[in-house]
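Working notes, beginning with the structure itself.
Both ligands and their constituent atoms are indexed starting at 1 by order of listing.
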Amino acid sequence: MRAPFPILILGGTTEAMQLAALLKDSSKFAPVMSLAGRTAQPRLPEMAHRSGGFGGVDGLKRYLRENAVAAVVDATHPFAARMSGNAARACADLNVPLAVLTRPAWERCDGDRWIEVDDFAAARDALGTAPRTVLLTIGRQEVGAFRGGVGHRYVVRSVDAVAPELLPDGARVIAARGPFDEDQEIALMQREGIDAVVSKNAGGGATYAKIAAARRLALPVIMIRRPRSASDGEMHDAAAVMRWLEACCGDHAGTS
Ligand code: NAP
């Protein structure tokens, strides 16, 4: 019997965990999930995993070679553009098959008051000059883009603590991890007197309640578009990736 095919899953998302659940009992594949290592208490998969950067494209290529990786699944967050770009380059250079597993972007619905922008600086500018109370739900890494400028009051929600030097003056920080429920989100927005929400277009169900809550309260949402566009090989469900793995490992023996 052939040794299992080493598979690298670039994780950190619900979709990566769904794929991990499907691969858990497979004897054909030997998957390893890679996490960025930024979250203090990450959800860990029931499979081999590693944590922390590879050291750019060259580091990733070294990892793929040393571990004879037969296929890579990029199941990173839709905003993890650098990691995705590195994976695309490394896999192309080494001729390792690559699949992208991502969740569809959220679509605007009737009643939504979205202002769509391309990046975090544009989101800050879109808040305008009249002071507002803003719910900032963009994770913690890019909070610094909202420092300085006009005197909005920010309520910053993040899984992990935000570095004090990134916080806008007077920001209130709420540490919480989704999934959140729509009624709780409405209660939070009303309690804090929120009059605008800033969000990345992350997609998926875990954090959508804030978008539905903003719609019910008729609040504007500054929606930051995804940094990468959908690619041809993009898949939206873990079962499709399993079929892809079966197909591409049928005739691929790994890197050398
Ligand atoms: P990024 O900017 O694409 O990645 C920066 C570097 O982090 C990569 O070049 C890589 O370092 C390392 N890295 C990222 N994901 C990795 C993984 N799965 N395994 C190993 N190394 C990884 O991504 P980011 O800095 O993590 O986040 C960018 C945006 O995505 C933020 O808005 C963040 O909130 C959001 N996000 C990311 C994750 C995630 O798991 N990455 C989860 C939720 C949200 P090397 O170049 O050294 O290999």
For the 3.5 Å polar cut-off, considering only N or O atoms, please tell me whether Leu10 and ligand 1 meet it. no
Mark up the atoms of ligand 1 that fall under 4.0 Å of a heavy atom belonging to Gly55, in ascending order. 45 (P), 47 (O), 48 (O)
Atom 29 (C) of ligand 1 - nearest protein heavy atom and its distance: Phe79 O, 3.3 Å
Is there a side-chain contact between Phe54 and Arg62 (heavy atoms, below 4.5 Å)? no
Side chain to side chain, Arg153 and Arg132, heavy atoms closer than 4.5 Å: no
Evaluate Ser84 for polar contact with ligand 1, using N/O atom pairs at a separation under 3.5 Å. no
Whether Arg157 engages the ring of Phe180 as a cation-pi pair (distance to the six-membered ring centre under 6.0 angstrom, angle to the ring normal within 45°) should be assessed. yes
With rounding to the nearest 0.5 Å, note down the distance linking NZ in Lys61 to SG in Cys91. 10.5 Å
Compare all side-chain heavy atoms of Leu188 with those of Arg191 and state whether any distance is below 4.5 angstrom. yes
With rounding to the nearest 0.5 angstrom, report the CD1 to NZ distance, Ile7 to Lys28. 9.5 Å
Numbered in order shown, the ligand 1 atoms found under 4.0 Å of a heavy atom of Gly11 are 18 (N), 40 (O)
Side chain, backbone, both or neither: Met83 near ligand 1, heavy atoms under 4.0 Å: both
Looking at ligand 1, is there an atom of it that comes within less than 4.0 Å of some heavy atom belonging to Asn86? yes
More than 12 heavy atoms of other residues, nucleotides or ligands under 6.0 Å from CD of Glu116: yes or no? yes
Within less than 4.0 angstrom of ligand 1, does Pro78 place any heavy atom? no
Residue-level breakdown please: for Ala202 versus ligand 1, do any non-hydrogen atoms fall below 4.0 Å on the side chain, on the backbone, on both, or on neither? neither
For ligand 1, is Gly139 a contact, meaning one of its heavy atoms is under 4.0 Å away? no
So is Arg140 touching ligand 1 or not, going by heavy atoms under 4.0 Å? no
Are there more than 12 heavy atoms of other residues, nucleotides or ligands under 6.0 Å from atom CD of Glu107? no
Check each atom of ligand 1 against the heavy atoms of Ala80 and keep those under 4.0 Å away; list them by number with element. 1 (P), 3 (O), 23 (O), 28 (C), 30 (O)
Could you tell me whether Lys200 and ligand 1 have an N or O pair separated by under 3.5 Å? yes
Going by the order shown, which atoms of ligand 1 are within less than 4.0 Å of some heavy atom of Ser34? 17 (C), 18 (N), 19 (N), 20 (C)
Just wondering, do Phe79 and Ile224 contact through their side chains at under 4.5 Å, heavy atoms? yes
My understanding is that we take every heavy atom of each candidate and find the minimum distance to atom 6 (C) of ligand 1. Doing that for Glu142, Arg38, Arg50, Gln141, which one comes out nearest? Arg38
Considering only heavy atoms from C-beta outward, does the side chain of Val221 approach that of Asp112 to under 4.5 Å? no
A side-chain contact here means heavy atoms from C-beta on lying under 4.5 Å apart; do Met223 and Ile211 qualify? yes
Which bit of Arg82 gets closer than 4.0 Å to ligand 1, counting heavy atoms only: side chain, backbone, both or neither? both
Can you list the atoms of ligand 1 that are under 4.0 Å from a heavy atom of Gly12? 40 (O), 42 (C)
Is any side-chain heavy atom of Leu219 closer than 4.5 Å to one of Met189? yes
Going by distance only, is there an N or O of Phe120 that falls short of 3.5 Å from an N or O of ligand 1? no
Do Asn67 and Leu8 have side-chain heavy atoms sitting under 4.5 Å apart? no
Check for me whether Gly59 has a heavy atom closer than 4.0 Å to any atom of ligand 1. no
Report yes if Ile138 has an N/O atom closer than 3.5 Å to an N/O atom of ligand 1; otherwise report no. no
Heavy-atom distances under 4.0 Å are what count here, so tell me which part of His49 touches ligand 1: side chain, backbone, both or neither. neither
